[in-house]
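All remarks here apply to the structure that follows.
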Amino acid sequence: MASKGAGMSFSRKSYRLTSDAEKSRVTGIVHEKLLNDYLHRIFSSADHASTTATSRYGRVDLPPHSLGPHQRLGAALWKGGLGSGKPLNFQNLPEHLDQLLRVDDEEEESQGQVEGRLGPSTVVLDHTGGFEGLLLVDDDLLGVIGHSNFGTIRSTTCVYKGKWVYEVLISSQGLMQIGWCTINCRFNQEEGVGDTHNSYAYDGNRVRKWNVTTTNYGKAWAAGDIVSCLIDLDDGTLSFCLNGVSLGTAFENLSRGLGMAYFPAISLSFKESVAFNFGSRPLRYPFVKKAVVAGYRPLQDPPRADLVRAQKLLGCFQAVLSVELDPTEGQLLEKESSEWQLQGQPTILLTLAHIFHRFAPLLRKVYLVEAVLMSFLLGIVEGGTPAQAQSMVHQVLDLLWLFMEDYEVQDCLKQSMMSLLRLYRFSPIVPDLGLQIRYLQLTIAILSHEKSRKFLLSNVLFDVLRSVVFFYIKSPLRVEEAGLQELIPTTWWPHRSGREGKESKEVKDETSEERLRRRAYERGCQRLKKRIEVVEELQVQILKLLLNNKDDNGGEASRYIFLTKFRKFLQENASSRGNMPMLCPPEYMVCFLHRLISALRYYWDEYKASNPRASFSEEAYIPPQVFYNGKVDYFDLQRLGGLLSHLRKTLKDDLASKANILIDPLELQAATMDDLDEDEEPAPAAAQRPMQALAVGGALPLPRPGWLSSPTLGRANRFLSTAAVSLMTPRRPLSTSEKVKVRTLSAEQRTREDIEGSHWNEGLLLGRPPEEPEQPLTENSLLEVLDGAIMMYNLSVHQQLGKMVGVSDDVNEYAMALRDTEDKLRRCPKRRKDILAELTKSQKVFSEKLDHLSRRLAWVHATVYSQEKMQDIYWLLRVCLRTIEHGDRTGPLFAFMPEFYLSVAINSYSALKNYFGPVHSMEELTGYEETLTRLAAILAKHFADTRIVGTDIRDSLMQALASYVCYPNSLRAVERIPEEQRIAMVRSLLAPYEQRPWAQTNWILVRLWRGCGFGYRYTRLPHLLKTKPEDANLPSLQKPCPSTLLQQHMADLLREGPDVAPSFLNSVLNQLNWAFSEFIGMIQEIQQAAERLERNFVDSRQLKVCATCFDLSVSLLRVLEMTITLVPEIFLDWARPTSEMLLRRLAQLLNQVLNRVTAERNLFDRVVTLRLPGLESVDHYPILVAVTGILVRLLVHGPASGIERATSVLLADPCFQLRSICYLLGQSEPPTPGTALSAPDRKHFSLQSYTDYISVEELAQVEQMLAHLTTASAQAAAASLPTSEEDLCPICYAHPISAVFQPCGHKSCKACINQHLMNNKDCFFCKATIVSVEDWDKAANASATSSAA
């Protein structure tokens, strides 16, 4: 395209530049003298600009001396051409430009071989043979991700002489070893760079250097840092720099000579990622602070000749912007570039056309865009106000679109955004965040240009770049480099946590000194927060630009382009959950979510201001029709009712009647065929096919899967395997039959009308059910953005919020350690100077660590846990609650709602309650109690909702309800829901335990009782008081808060019908029998393993299951205690048909538990004495007090007739031992009637030892029970007659035969047959069906037989 001959003409866009003589006069061109002066003024600025551009943009890695020849060349050209006196005009301008831009042969040939370097001039990673292990290499062969234990890869070029440098952009801060190696180094999955001779590495994860052996070196690196690797083969030294700061010489006396050449190399573990810069882009730190690296050159030479040309042309362009042409006065006027306006003057337009004719091809090159154009644009941002900078950048972009071909502008914009993203992501944190602010301001200026924004949104953002990086504020790992010491000079940390429900000891009021420190710390935190808010506001402005829907002139508005890309972004992240790595890291997703909510609520309330019938963002929710009308693609995410294809088939009549929606039969058939295809070939198998070659280890060249994030930019490249195509494109062509009222649309297929609708089409809200109001909430497109924000929270935001709490936990740990150390210092004798010295040293270490952590915590609170962020999560919670409530009103159509709405409601509440304290409390939020009550109503109704079929979401609902009733505030919220819903909830809890998650149900019932049972007022078990809990905020460690209201509902329901209580209690007794039997079996195995002479280990999972069975046994006993207390007649009123059987089963189980636990030197005692890790909860107290509570209720508190029946049943059980009852009070033998109890043996268990847990009245009741059983046992022994073996029940051999089965005539005791008939109607012996059971008495039967004879 370049014009070199005087007679040639060429065309660029709408301007025709020519040098033909007959076309020398153009209308509007100024007279020759003024034109000559103007062109001399413009094109004499090139040399000056070539130096100023470099000086302003300190990242261009040309040594200063390299500019000398350029300046000499410019001077020669000026004398020979521009300064020769020959008039300059548009006819001879091309010739002079060619001379001006001509570079000497030395510069042109600098791209070839250089002494001291071997290999290709373009340096990349050697993905063909220079690697070990499994690695994933980026498209440009500069980024790499570890995909095996410890993969290694080197570059294609090596060096053997001179001084060389390359940079590594750290994308993850895990285990990596970066440095140099020779071609003879051999690596494997265990040994990488630095682990062999002649290989050297720096490891910022472990802060060490490696060369066979290892020593401490350098500083810890973090994601977003840049490591410079320098090698001086003249002196034989090797060093590293971190973010431009020298870490010192790492290695000396490197091996040199014949055959010794060093390759850049890296070894990295699984999931770790980096990007290399060998010189294809300007080095970020060409002149390193504290270690000037003059003389070091990048492995890949910069395009010096093109760089000189680009800088000269930029100088000419800048001159155009700073010179005003006044034709009327015939003079040139100097002016500020920010005031320049394109006014259509032909002289200026033709001048710019000549400049861009040569400039445009250069602006497509990565190096030149970053070194020249970005320098210029950043200079604009620095040199004026944001408004002036934005106006100037718009002028520049207008000129680019005007004078360059579209493909040239697009390449230039693409490279510019890539450069901006790299600059933002890999810039160090400075105290005023000036670097981040600068890059974001330029990003805003570019994106506020409509044509550029739409191109970038359509083709670059979310496609090529991980654009959400712009919304992330990275946390500084080294607070001193971020300036936090100056910003927060005084540190402070809380002495206790204020999370809801956490038990804490009372501490004295803070001293005046502590108060001053706290206030100084809070002021520092506020200063930090204000600086961060500036960055956050800029990030919100970017999203406001992307969500603009008023820029639809001549094309689609930005918001609808954004929606398409945003949905695809969500799909890729949802599809890659659990894979390595996710397209968007969770820490980026958190920041992106908060900025998106701010922009979304801005547009939502703006729409409300102009449409009074719409709702405010505070009332936002997602209408239920969005979930079933097919306008929004939820990919393969699970619905509450199961698979979408299944729901459409089973609920098609409900869709037609309630929502006037018909499903295309062809689509249903296609969905069925898709399901069959998936069954034939599972997705994992399909996904593995293109990876077959990687099984033996290898580097994966491009193309690579889209879910693999580029270490630098997060490019989403096309996945060519069949498995990925099904994710990225519609699974089948969709029918467009007009008879179909709804069709499934992928994000790419939709138009604005499909979203917003029209006068005849409701768009996103098609299929409104009668329960929904007619007035619109807001613009439909904003509803989809809101739906995406909720999905984002579910994908990874919640997990990241929980992860970031670790900083606060670390502060608490170190604060506790510091207090313990200071306490020891106070108590240590002064004569023990050695101990004092060690304690003082520890105190200093803990104090320094706390200073560091408290400043980091201030950053985390400002960026993640601030009041504003808490309000965002609270808003999402309320949106989900309203969405669930509206969806519930649609009846069976509620099944179409995606599961993640319930998950987000549960998890966001958990985050608000557990993650934002102690700085912020959920109780401070507006409408806190109302929100708790609404969530309680949802959990109470839907934990047993038959419309919800997913096992995971049902378990989540059950666990959430179990946690909800553990805390006083949320339990009171459950009590505030309507009575009808409370009763329905309790009814569901009392359903038989079989075929459902009964353990969680039982836990809920236990929490409603805890605080009312015998000795059941504890928070932690007595024997665990001296140990530290892993997390004191666990629901199981909360103070008892029983609910008498819900207990009363339970009592009423158990009395309600003849079948409710028996079926419930029978299932409880069955589960108790199973849980305790499993527990006993497991402790037998544990004891046998412990007694073996050889060394052995008990599986930790077995210990955990054993402890779980024990805890289940205790909780089931507590439920039985609650039932007997609330409704004793179920067991004691034998007028009920099942009471006797239930009482006998209960007595049998209680005796078994007592005998197993209280036997002298028994198995239980031995296992408890071992105190194995994992069995901490196994102890005598919890299970014995539970059994005691049941016995006291039966034998002391019951009516006289009931006590008599319970006593007779208990004593009649052959397993009953009075000694077990005596064990409860520390007695080895029953006391003589009428004598007082002896003092308990302190070596043995006794309830009398737990005076802090068991009241005097409760102990008196136990003594009364023991006295009663002692007397009754003696009387029963005196009155009992011997029974022959023939008269005993042939099933249990414990009771006499008392029942006969009809019609077969077989016999057993009543207890055995009644228990059997609960589950089976077949005879024990002959398997005949039992029709009835009749009483049988041997004596009566014998007399009847004799009389008949």
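- The shortest side-chain heavy-atom distance between I231 and K163 does not fall under the 4.5 Å cut-off.
- In plain terms, the two heavy atoms of G483 and P431 that are nearest each other are CA-CG, 3.6 Å.
- Ion pair D301/R117 flagged as a salt bridge, since at least one NZ, NE, NH1 or NH2 atom sits closer than 4.0 Å to an Asp/Glu carboxylate oxygen.
- Relative orientation of the Y472 and Y588 rings is tilted, given thresholds of 30° and 60° on the angle between their planes.
- Side-chain N/O atoms of E272 and S172 include a donor and acceptor closer than 3.5 Å.
- Judged by distance alone, the side chain of E191 and the main-chain N or O of N188 form no donor-acceptor pair under 3.5 Å.
- Contact check on D203 versus R206 returns a salt bridge, with a Lys/Arg side-chain nitrogen under 4.0 Å from an Asp/Glu carboxylate oxygen.
- Residues S228 and Y285 share a closest heavy-atom pair of OG-CB, 4.4 Å.
- No donor-acceptor contact under 3.5 angstrom links the side chains of R422 and S427, judged on distance only.
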For side chain to side chain donor-acceptor pair (under 3.5 Å), just list the numbers for N459 and Q410, CA-CA rounded to whole Å, side-chain angles, deciding distance to a tenth of an Å, and then say yes or no. CA-CA 9 Å; N459 302 283; Q410 290 167 3; over 6 Å; no
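- Taking the six-membered ring for Trp and the full ring otherwise, H147 and F270 have centroids separated by under 6.0 Å.
- A cation-pi arrangement, defined by a distance under 6.0 Å to the six-membered ring centre and an angle within 45 degrees of its axis, is present between R154 and F263.
- Applying the ring pair (Phe, Tyr, Trp, His ring centres under 6.0 Å) definition to pairs two or more places apart or across chains, those involving residues 215-258 are Y200-F251, Y202-Y217, Y202-W221, Y202-F240.
- Looking at S199 and T196, their side chains do bring a donor and an acceptor atom within 3.5 Å of each other.
- Note on K161 versus D234: no salt bridge recorded, every NZ/NE/NH1/NH2 to OD/OE distance being 4.0 Å or above.
- For E382 and R438, the salt-bridge test passes: some basic side-chain N is under 4.0 Å from an acidic carboxylate O.
- Expressed to the nearest 0.5 Å, how far CG of L442 lies from CG of L378 amounts to 5.0 Å.
- If you check the side chains of N205 and Q173, you find no donor sitting under 3.5 Å from an acceptor.
- Between F317 and F376, the distance separating the two ring centers is shorter than 6.0 angstrom.
- Between W164 and F278, a ring centre-to-centre spacing not shorter than 6.0 Å is recorded.
- Looking at T443, its side chain does come within 3.5 Å of a backbone N or O of Y439 through a donor-acceptor pair.
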